[in-house]
There are 2 protein chains.
Amino acid sequence: MDKKILNKFKAVLKKEQLKLTKQRHAVLANMIKSKGHRECDEIYDQLKSNGENVSRATVYRTVAILEKYGFLRKLELGDGRARYEYKLGLDHHDHMVCIECGQIIEFVNSEIELLQDKICIDMNFKLVRHIHQLFGVCEICQN
Amino acid sequence: MDKKILNKFKAVLKKEQLKLTKQRHAVLANMIKSKGHRECDEIYDQLKSNGENVSRATVYRTVAILEKYGFLRKLELGDGRARYEYKLGLDHHDHMVCIECGQIIEFVNSEIELLQDKICIDMNFKLVRHIHQLFGVCEICQN
DNA sequence: TTTAGTATTGAGAATTAATCTCAATAAAAT
DNA sequence: ATTTTATTGAGATTAATTCTCAATACTAAA
Ligand SMILES: [Mn+2]
Ligand SMILES: [Mn+2]
Ligand SMILES: [Zn+2]
Ligand SMILES: [Zn+2]
């Protein structure tokens, strides 16, 4: 794992009086390697098939820590299963979701981000995070 | 209940070979009357306290129909409980959610809506619906 | 490197919003 | 009024997530 990321993880853990365990390392390493939008069970299964056994409970506990400290972002797409994507150091983006095939397409629009900030300033709302998801039918599914 | 709304509801039900029952009427009437962002259990409790007993199962089943046909909009704010708001004939808006007190503030920004449409056109994505939620600290909770 | 102190893990139980089941009932059609 | 068809409700079920707690693994001090 990249030394910078690992050091940040160690710093976070120390600050929170948490210990660096094989399991926590394995979850983070796995998320860095496969950069999709992933359900906890997927992570669990993939770790298991790599021979790195981490319990489901620990996967859930670890992604929660990683989200809290900005390593991961949690997505809720309305199907009752949370997805996580690696985000540390990457540019912000939002998501389009195909309601036919489930495909997730990423998009960025800095104008929207600016307008969003302006709304919050105008309304004296301190923005922490946002969700902007577009649901519709992707190019492939239209044919 | 407003005759236009009731007629539209009747038309929808007929089209779908569903029957107009006391319970379905009660749920719709209740949603029209109290225009908040409401959990199913709230609707259930309020109906019960009005003496109009509708089972939880029927509340869930009815809001699903009402959402499908545009009477209601479903909100998922990330706490695992869906909220519904009445929307038929009302202007579109999105939501800011205070992470301290849970307050839901509505906002509208037509520029963002236009940019959103443009993104979808450019990417050949047929937009059906969207979620734009801003999470942060409201004016009151900042003091 | 031992030891003491503290945090973590995993297996399965618990939780909880939402959905399902199906016999009894109510609405619509004839 | 009778038949047909859909609906309801009570409680069981589902499924993602969280919790429990005894056994185990880190960490730092001696
Ligand atoms: Mn993404
Ligand atoms: Mn609203
Ligand atoms: Zn698609
Ligand atoms: Zn607030």
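Heavy atoms only: backbone and side chains are in, while hydrogens, waters and symmetry mates are out. Reminder, nothing fancy here: chain letters follow the sequence lines and each chain counts from 1.
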Do the side-chain N and O atoms of H132(B) and Q116(A) include a donor-acceptor pair separated by under 3.5 angstrom? yes
Look for any protein N or O under 3.5 Å of an N or O in nucleotides 26-30 of chain D and output each such pair with its distance, or none.
unit_1  : atom_1 : unit_2 : atom_2 : d
dC26(D) : OP1    : K22(A) : NZ     : 3.0
dC26(D) : O2     : K19(A) : NZ     : 3.0

Hey, does E39(B) reach any base, or is it just sugar-phosphate, or nothing, if we go heavy atoms under 4.0 Å? nothing
Test of ring centre spacing under 6.0 Å for H130(A) and H92(A): yes
From CG of L13(B) across to C1' of dT7(D) the rounded distance in Å is 12 Å
Under 4.0 Å between a side-chain nitrogen and a carboxylate oxygen: does that hold for K4(A) and D2(A)? no
Rounded distance (Å) that lies between atom C1' of dT17(D) and atom CG of D79(B): 14 Å
Single-linkage hydrophobic cluster, 4.5 Å side-chain cutoff, F125(A) and I104(B) together: no
Between the side chain of Q142(B) and the main-chain N/O of N124(A), is any donor-acceptor distance below 3.5 Å? yes
Hey, are R81(A) and E39(A) close enough for a salt bridge, meaning a charged N less than 4.0 Å from a carboxylate O? yes
Where chain A begins and ends its contact with DNA chain C, read 5' to 3' at 4.0 Å from heavy atoms: dG5(C) to dA11(C)
Let me know the distance between CG of D41(A) and P of dA15(D), rounded to the nearest Å. 12 Å
Between residues 45-61 of chain A and DNA chain D, which residues have a heavy-atom gap below 4.0 Å? A57(A), Y60(A), R61(A)
Are any of the side-chain heavy atoms of E85(A) and L90(A) separated by less than 4.5 Å? no
Apply the test side chain to side chain contact (heavy atoms under 4.5 Å, CB included) to residues L28(B) and Y86(B): give CA-CA distance (whole Å), side-chain angles for both, the deciding distance (0.1 Å), then the verdict. CA-CA 9 Å; L28(B) 176 53; Y86(B) 188 73; 4.1 Å; yes
How many Å lie between CZ on R38(A) and C1' on dA16(D), as a whole number? 17 Å
Would you indicate whether D122(A), at its atom CG, is surrounded by more than 12 heavy atoms from other residues, nucleotides or ligands within a distance under 6.0 Å? yes
Any chain of hydrophobic side-chain contacts (each under 4.5 Å) joining I112(B) to M123(B)? yes
